[in-house]
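Comments concern the structure below.
Values reported hereafter were calculated over all heavy atoms of this structure, with side chains retained and with hydrogens, waters and symmetry mates removed. Just so it is clear, the structure is predicted and the values come from calculations on it, not from any experiment.
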Amino acid sequence: MTFLVGKIVEDINAGAPNNGEGEDNIGVVKSLRVGRDTHPYVSAQAFRRWLRDSLPAAEPRSEVTRSGTGKNQQAYTRGRPDHFLDDDLFGYMVAVKKENFQRDTVLATGTLVSVVPQSITKDFGTMSRGFAAGEHPVIHQHQLYSAVLAGDLLLDLPRVGVFETDGSGLRVAMPKAAAEEAVKAGAQTTTFRGNASVRLSLEERRRRVAVLLRALASLRGGAKRSLHYGDRTPALVLLAPMKGGVNPFTRIVVNRESAPFFDTDVLREEMTAWADEIDGPVSIGWAPGFLGDQRDRVKRELKDLMEAGRLVVDHPRTVLGDLARRFEEGELDGWFEDRPA
């Protein structure tokens, strides 16, 4: 089996991309404390919303149903991964009429946390447009910050387009009637990781991964875009095909002398230690200008890996687009096979 694992890095400039619970009339960004230090963050839920919203307009979305009132509310999608890419890759849970159907996420995402501690700024504003002379303005405040945020990613490729229909201790992904409908539409019955399942065509599975990669390259979203619009496409993305679900590339972008630093020594050692598990070139998409001259330094220090075909360093859109194309053309079909790690 092959997983695409790695890191995504966002460059936030005077932004408030993900807000927490407000305090009085102050809009508060999400942050966490590590000792005495404050690290702003973007939640995994927010990032996943950005990615879902960045899917092509022509890609059907699974509709959300909301029911109940007060503390007894629930919301759930259609729960039809055969019909909808977002149900397939992002997962869901549907609990209706004493029936439970659940799909664990195929795309696992971590919290995007500031690599370096930051002091969060409070912006003061007023609303007085149209007020009569002498009237007091309406006062409001909100937080913002500049930071480099980094989080982890994992895409379980063999599970793309494969849905469990039974299993001990496992909530099945879809009811029997839906599974039968999927088979009539062209899906195949199979056994996947010990459970009876249905599997979409290889062509559709290729397409879904390609759509996801291109959506990541064109990522957009975030709160307060009227005041703090900013680019949300990845400033840096690292993706590596791993035969198991281990992600050894979580410590590549670190805090060095109070600034984000790409550690080539760590990358090189991890690639050596996990060489028998790495199932192809490691790809790094790095936007020019991000982190000053570090991009050029990394390419110099890892030149031997690049010349050996073990490492690719290019623009994020180029790297993700090339991976998407290779999936579409069937070059990477072996990564969909659920071979023992």
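Counted by atom type alone, Asp231 and Thr233 present one or more donor-acceptor pairs between their side chains at under 3.5 Å. Using modelled atom types and a 3.5 Å distance limit, the side chains of Arg297 and Gln294 yield a donor-acceptor pair. Asn18 and Ser43 are linked by a side-chain donor-acceptor pair at a separation below 3.5 angstrom, with hydrogens and angles left out of the test.
Under a cut-off of 6.0 angstrom, the local environment of CZ in Phe131 is crowded, with over 12 non-hydrogen atoms contributed by other residues, nucleotides or ligands. The local environment of CD in Glu331 is crowded, with over 12 non-hydrogen atoms from other residues, nucleotides or ligands closer than 6.0 Å. Atom CZ of Arg317 has 12 or fewer heavy atoms from other residues, nucleotides or ligands within 6.0 Å. Surrounding CD of Glu135 are more than 12 heavy atoms belonging to other residues, nucleotides or ligands, all under 6.0 Å away.
In plain terms, the two heavy atoms of Gly6 and Asn247 that are nearest each other are O-ND2, 3.1 Å. Between Pro281 and Pro241, the closest heavy-atom pair is O-CD, 3.4 Å. The shortest heavy-atom contact between Gly245 and Leu154 is O-CD1, 3.4 Å. Scanning both residues, Val116 and Ser258, for their nearest heavy atoms gives CG1-O, 3.7 Å. When every heavy atom of Gly321 is checked against every heavy atom of Arg214, the shortest pair comes out as O-NH2, 4.2 Å. The two atoms that bring Thr165 and Ala179 nearest to each other are CG2-CB, 3.7 Å, heavy atoms only.
Ser197 contributes a side-chain N or O that, together with a main-chain N or O of Asn195, makes up a donor-acceptor pair within less than 3.5 Å. The main-chain N or O of Trp50 is never found under 3.5 Å from a side-chain atom of Arg232 such that the two would form a donor-acceptor pair. In terms of modelled atom types and a separation under 3.5 Å, the side chain of Glu10 and the main chain of Val113 share no donor-acceptor contact. Not a single donor-acceptor pair under 3.5 Å links the side chain of Arg325 to the backbone N or O of Leu320. For the pair Arg199 (side chain) and Phe192 (backbone), a donor-acceptor distance under 3.5 Å is absent. Of the possible donor and acceptor atoms, one in the side chain of Lys243 sits under 3.5 Å from a partner among the backbone N and O of Asp276. Glu307 places no side-chain N or O within 3.5 Å of a backbone atom of Asp304 that could act as its donor or acceptor partner. With hydrogens and angles disregarded, no donor-acceptor distance shorter than 3.5 Å links the side chain of Ser114 to the backbone of Pro117. Of the possible donor and acceptor atoms, none in the side chain of Thr38 sits under 3.5 Å from a partner among the backbone N and O of Gln118. With hydrogens and angles disregarded, no donor-acceptor distance shorter than 3.5 Å links the side chain of Asn13 to the backbone of Ser146.
Taking the ring centroids of Phe262 and Trp286, they lie under the 6.0 Å cut-off.
In the hydrophobic cluster analysis, where Ile, Leu, Val, Met, Phe, Trp and Tyr join through side-chain heavy atoms closer than 4.5 angstrom, Val9 is grouped apart from Leu213. By the criterion of side-chain heavy atoms lying less than 4.5 angstrom apart, applied directly or through intervening Ile, Leu, Val, Met, Phe, Trp or Tyr residues, Val162 is not grouped with Met174; the two fall into different hydrophobic clusters. Val198 and Val172 sit in two unconnected hydrophobic clusters of ILVMFWY residues. Membership requires side-chain heavy atoms under 4.5 Å apart, directly or through other members. Hydrophobic clustering (side-chain heavy atoms under 4.5 Å, transitive across Ile, Leu, Val, Met, Phe, Trp, Tyr) groups Leu332 together with Val209. Phe290 and Val312 fall into different hydrophobic clusters, where Ile, Leu, Val, Met, Phe, Trp and Tyr side chains are chained together by heavy-atom contacts under 4.5 Å.
Under 4.0 Å is where a charged nitrogen must lie from a carboxylate oxygen, and between Asp265 and Arg268 no such pair does. Using a 4.0 Å cut-off between charged side-chain N and carboxylate O, Lys7 and Asp152 make a salt bridge. A salt bridge does not link Glu164 with Arg193: none of the charged nitrogens is closer than 4.0 Å to a carboxylate oxygen.
Rounded to the nearest 0.5 angstrom, Leu153 CG and Leu4 CG are separated by 9.5 Å. A distance of 13.5 Å separates CG of Leu311 from NZ of Lys303, quoted to the nearest 0.5 Å. In this structure, Arg159 CZ and Phe3 CZ are separated by 9.0 Å, a value rounded to the nearest 0.5 Å. Note that the CD atom of Glu301 and the CG atom of Asp296 stand 11.0 Å from one another [nearest 0.5 Å]. Annotation: the span from Leu107 atom CG to Leu51 atom CG amounts to 6.5 Å, rounded to 0.5 Å. Between the CG atom in Leu302 and the CE atom in Met271 there is a gap of 8.0 Å [rounded to 0.5 Å].
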Requested in this report: Show your working on side-chain contact (heavy atoms from CB on, under 4.5 Å) between Arg310 and Val282 and close with a plain yes or no.
Outcome: CA-CA 6 Å; Arg310 297 177 59 197; Val282 175; over 6 Å; no
Query raised in the report: Which is it for Leu112 and Tyr41 under the side-chain contact (heavy atoms from CB on, under 4.5 Å) test, yes or no, and what are the steps along the way?
Result: CA-CA 5 Å; Leu112 292 163; Tyr41 72 87; 6.0 Å; no
Requested in this report: Please step through ring-ring contact (aromatic ring centres under 6.0 Å, His included) for the pair Phe163 and Phe101, ending with a clear verdict.
Outcome: CA-CA 11 Å; Phe163 321 120; Phe101 304 103; over 10 Å; no
Report task. Let me see the working for Val29 and Tyr145 under side-chain contact (heavy atoms from CB on, under 4.5 Å), right down to the final yes or no. Result -> CA-CA 9 Å; Val29 297; Tyr145 61 87; 3.9 Å; yes
Requested in this report: May I have the step-by-step check of side-chain contact (heavy atoms from CB on, under 4.5 Å) for His142 and Ile26, ending in yes or no?
Outcome: CA-CA 5 Å; His142 69 272; Ile26 302 174; 5.7 Å; no
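Under the 4.5 Å side-chain criterion, counting only non-hydrogen atoms from C-beta, Thr111 is not in contact with Val42. Side chains of Pro288 and Arg295 form a contact here, defined as non-hydrogen atoms less than 4.5 Å apart. A heavy-atom distance below 4.5 Å is found between the side chains of Pro158 and Asp156. For the pair Leu238/Ser283, no side-chain contact is recorded, criterion being any heavy-atom separation below 4.5 Å from C-beta on. Looking at Val266 and Phe249, their side chains never come closer than 4.5 Å, going by heavy atoms from C-beta outward. Between Leu323 and Leu239 there is a side-chain heavy-atom pair separated by less than 4.5 Å.
By the 30° and 60° cut-offs, the orientation of the rings of Phe327 relative to Phe336 is perpendicular.
With respect to Arg207, the salt bridge (charged side-chain N to carboxylate O under 4.0 Å, His left out) criterion is satisfied by exactly one of Glu329, Glu59, Glu328: Glu59.
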Mind listing the side-chain donor-acceptor pairs of residues 84-93 below 3.5 Å, one per line with the distance, residues two or more places apart or on another chain?
{"unit_1": "Asp86", "atom_1": "OD1", "unit_2": "Ser62", "atom_2": "N", "d": "3.2"}
{"unit_1": "Asp86", "atom_1": "OD2", "unit_2": "Arg52", "atom_2": "NH1", "d": "3.0"}
{"unit_1": "Asp86", "atom_1": "OD2", "unit_2": "Ser62", "atom_2": "N", "d": "3.2"}
{"unit_1": "Asp87", "atom_1": "OD1", "unit_2": "Ser62", "atom_2": "OG", "d": "3.3"}
{"unit_1": "Asp87", "atom_1": "OD1", "unit_2": "Thr77", "atom_2": "OG1", "d": "2.7"}
{"unit_1": "Asp87", "atom_1": "OD2", "unit_2": "Ser62", "atom_2": "OG", "d": "2.7"}
{"unit_1": "Asp87", "atom_1": "OD2", "unit_2": "Gly79", "atom_2": "N", "d": "3.0"}
{"unit_1": "Asp87", "atom_1": "OD2", "unit_2": "Arg80", "atom_2": "N", "d": "2.9"}
{"unit_1": "Asp88", "atom_1": "OD1", "unit_2": "Arg103", "atom_2": "NE", "d": "3.4"}
{"unit_1": "Asp88", "atom_1": "OD1", "unit_2": "Arg103", "atom_2": "NH2", "d": "2.8"}
{"unit_1": "Asp88", "atom_1": "OD1", "unit_2": "Gly161", "atom_2": "N", "d": "3.3"}
{"unit_1": "Asp88", "atom_1": "OD2", "unit_2": "Gly161", "atom_2": "N", "d": "3.0"}
{"unit_1": "Asp88", "atom_1": "OD2", "unit_2": "Arg208", "atom_2": "NH1", "d": "2.8"}
{"unit_1": "Tyr92", "atom_1": "OH", "unit_2": "Ala173", "atom_2": "O", "d": "2.4"}

